[in-house]
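No hydrogens, no waters, no symmetry mates; every other heavy atom, side chains included, goes into these values. Chain identifiers are assigned alphabetically (A, B, ...) following the order of the sequence lines, protein sequences preceding nucleic acid strands; residue numbering begins at 1 within each chain.
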Protein chains: 2
Amino acid sequence: MIMNEEEEKQPKNYNTQKYRTPDGVPADIVMFTLTKRERKTVTKTLPIRELKVMLIRRRSWPFAGKWALPGGFCRESESIYDAAKRELKEETGVDGGHLEYLGVYSQPGRDPRGWIISNAFFALVEEWMLEQRQAADDAEEVGLFGIHEALEQLELAFDHREIIRDAYIKIQQKMLQTTIAKQFLPKHFTLSELYQVIQTVVPEFKEPNFIRKITSTQSRQGILEEVRDETGKKLSSNQYSQRSAQLYMFTDDVPLLSIYT
Amino acid sequence: MIMNEEEEKQPKNYNTQKYRTPDGVPADIVMFTLTKRERKTVTKTLPIRELKVMLIRRRSWPFAGKWALPGGFCRESESIYDAAKRELKEETGVDGGHLEYLGVYSQPGRDPRGWIISNAFFALVEEWMLEQRQAADDAEEVGLFGIHEALEQLELAFDHREIIRDAYIKIQQKMLQTTIAKQFLPKHFTLSELYQVIQTVVPEFKEPNFIRKITSTQSRQGILEEVRDETGKKLSSNQYSQRSAQLYMFTDDVPLLSIYT
DNA sequence: AAAATAGTGTCTCTGAGACACTATATA
DNA sequence: TATATAGTGTCTCAGAGACACTATTTT
């Protein structure tokens with residue numbers, strides 16, 4: 001911000017505490033991860049994937065014993081996004097991961113401690129980041145829950161059920177309309193893996209001709225690219241199947257969708 | 001929220017003012033309107049439309065004399081959305097209009113008055129609502145500016161340029177991906193009007209076969225519906241053209257887009 | 001050979017895109 | 001009659017959807 005001298009002088013009679021002010025503005029984070037569990041079968045097969053949410057069991061009032069989103073109060077010297085980033089790092093020990101703003105939760109009475117306005121984020125992190133966290137700080141009870149278990153069976157603190165529900169809706173939208181699937185995949189992946197990741201987050205997604213469409217249609221060509229070696233030969237992998245499958249990677253293209261075209 | 005007795009008892013030693021707390025959490029609103037100006041031509045023609053933003057000239061420190069978004073501080077007894085709704089009503093005198101959350105602005109130093117975290121909204125209102133406002137309260141200087149004028153030429157208070165830019169990006173996205181165009185149209189409208197509204201908000205939008213596509217394609221049939229009278233006869237209007245044009249209305253369908261299908 | 005997954009051939013039908021054409025009303 | 005806007009005829013080609021088929025590798 002650029003200001004000139006004149007307007008920068010704060011009037012002597014200006015009092016910031018004239019009105020009741022909030023008691024705190026925390027950032028709470030819905031941390032999603034996609035767990036991968038190898039299946040013990042006779043033949044090679046894709047691992048079972050599951051969308052999970054990380055929660056922390058509260059130890060003190062209010063909602064002691066209930067599960068809650070990780071989060072922390074924002075400080076005056078940082079933006080709310082910075083606070084969320086700091087919190088994410090504290091929980092995972094890692095700087096990376098997708099972190100995105102979700103919304104503000106300000107219903108009066110949502111926090112018995114006072115007038116506390118929460119800013120929610122969601123993060124997509126890798127499973128190992130959370131495991132690291134659990135090892136580092138075993139003073140706090142950390143849990144990884146399937147999204148439906150968290151939403152339907154757990155006793156949650158504050159309005160965190162609502163926040164998790166909103167985050168789930170948003171991640172499903174984003175999974176179909178952006179390329180965040182890449183957050184849950186290695187750099188190079190097969191189309192079956194991609195399909196499985198999409199279906200894990202959005203079970204309703206069904207696309208019988210998925211491979212055909214994604215490879216043959218002009219409009220989709222932009223977002224995926226075949227992986228090739230130095231000589232230009234296409235690379236494939238048979239990690240999860242008998243016949244080896246072509247490897248793909250996301251490009252940096254962000255497709256723009258419209259209902260009118 | 002349902003709580004049992006036990007956990008609801010606030011510990012005596014709990015002090016909500018242990019830490020520095022924010023000095024206020026306002027809701028600021030980017031109020032968009034689409035002005036319609038009749039053209040004086042020999043033949044009937046569509047009015048010229050323009051996307052405008054309503055701003056208020058600040059009278060006191062800080063940023064006295066600069067243009068700013070309308071807004072007001074949130075009270076303890078209301079949610080931030082309620083505060084925005086209240087503010088919108090104060091400015092327009094009307095309860096209606098599309099009001100949607102935009103995001104939080106919390107960069108340290110953004111407000112010289114202290115630690116003030118703004119929650120931005122955008123609203124789509126009709127022009128007459130703002131005219132009413134201007135008449136009601138002539139103590140305050142109100143201005144309607146073209147979006148590009150506001151972004152590129154005006155001296156704006158706080159970080160309001162950034163907020164307006166973000167709101168502009170969001171309204172453009174929403175215009176293409178949802179049916180908010182209906183906020184800028186009468187209940188019944190012609191396809192030329194719809195096309196013009198879309199182009200006014202998103203100048204890059206070009207669709208030579210617009211009428212053909214929107215009427216002939218299955219996937220689009222869901223969102224628009226022909227207007228008919230009681231006997232089922234299609235209704236048309238020649239308000240803006242020689243030959244009368246079919247009238248349409250939006251259905252309640254919300255199309256779900258995906259980059260993978 | 002059987003099984004499992006990857007990927008193709010091929011057919012049908014919808015719809016996008018282009019452009020010239022017709023239709024309706026007004027100056 | 002000229003003009004302005006609304007809307008259609010028609011052709012070509014891309015691509016969606018279905019389903020049987022082939023390809024590759026492991027058991």
Enquirer: Could you state the atom-to-atom distance from CG of A:Leu46 to C1' of C:dA6 in whole Å?
Expert: 12 Å
Enquirer: Starting from P on C:dG17, measure out to CD1 on B:Ile214 and report it in whole angstrom.
Expert: 12 Å
Enquirer: How close or far is atom C1' of D:dT24 from atom NZ of A:Lys44, stated in whole angstroms?
Expert: 11 Å
Enquirer: Taking only the side-chain nitrogens and oxygens of A:Ser192, find out if one of them lies under 4.0 Å from OP1 or OP2 of C:dA6.
Expert: yes
Enquirer: Could I get the full list of side-chain contact (heavy atoms from CB on, under 4.5 Å) partners for B:Pro203, not counting sequence neighbours?
Expert: B:Tyr168, B:Gln172
Enquirer: Name the nucleic acid region contacted by A:Asn238, choosing base, sugar-phosphate or nothing; use a 4.0 angstrom heavy-atom cut-off, strictly under.
Expert: sugar-phosphate
Enquirer: Examine the base of C:dT14 for any acceptor or donor lying under 3.5 Å from a partner atom in the side chain of B:Arg212, and report the outcome as yes or no.
Expert: no
Enquirer: With a non-hydrogen cut-off below 4.0 angstrom, is A:Gln239 in contact with a base, only sugar-phosphate, or nothing?
Expert: nothing
Enquirer: Of the listed nucleotides (D:dA18, D:dT25, C:dC19), which one gets closest to any side-chain atom of A:Gln242?
Expert: D:dT25
Enquirer: Could you tell me the separation between the CG atom of A:Asn209 and the C1' atom of D:dC19, rounded to a whole number of Å?
Expert: 9 Å
Enquirer: Whole angstrom is fine here: how far is it from CZ in A:Phe210 over to C1' in C:dT8?
Expert: 18 Å
Enquirer: Looking at the side chain of A:Thr45, which of C:dA16, C:dG7, C:dT5 is the nearest nucleotide?
Expert: C:dT5
Enquirer: Side chain of A:Ala245 only, heavy atoms from C-beta on: which candidate in C:dG7, D:dA18, D:dT26 is closest?
Expert: C:dG7
Enquirer: Whole angstroms only, please: what is the CD1-P distance between A:Ile259 and C:dA16?
Expert: 14 Å
Enquirer: Which whole-number value in Å describes the distance from B:Glu207 CD to C:dA18 C1'?
Expert: 12 Å
Enquirer: Base, sugar-phosphate, or nothing for B:Ser236, non-hydrogen atoms under 4.0 angstrom?
Expert: nothing
Enquirer: Got a donor-acceptor pair under 3.5 Å from the side chain of B:Arg243 to the base of D:dT8?
Expert: no
Enquirer: D:dG17, C:dA16, D:dT25: which one has an atom nearest the side-chain heavy atoms of B:Lys213?
Expert: C:dA16
Enquirer: How close or far is atom P of C:dA6 from atom OH of A:Tyr240, stated in whole angstroms?
Expert: 12 Å
Enquirer: Indicate yes or no: does A:Lys213 engage A:Glu207 in a salt bridge with an N to O separation below 4.0 Å.
Expert: yes
Enquirer: Quick one: do B:Lys206 and B:Glu204 make a salt bridge, cutoff under 4.0 Å?
Expert: no
Enquirer: Using the ring centroid of each side chain, check whether B:Tyr195 and A:Tyr260 are separated by less than 6.0 Å.
Expert: no
Enquirer: Here's a test of your reading of the structure: between A:Ser241 and A:Pro208, which maps to the more 5' nucleotide of DNA chain D?
Expert: A:Pro208
Enquirer: So if I take every side-chain heavy atom of A:Ile211 and compare against C:dA18, C:dG7, C:dA16, which nucleotide ends up nearest?
Expert: C:dG7
Enquirer: I want to check something: taking the side chain as every heavy atom from C-beta on, are B:Leu55 and B:Leu144 in contact at a cut-off of under 4.5 Å?
Expert: no
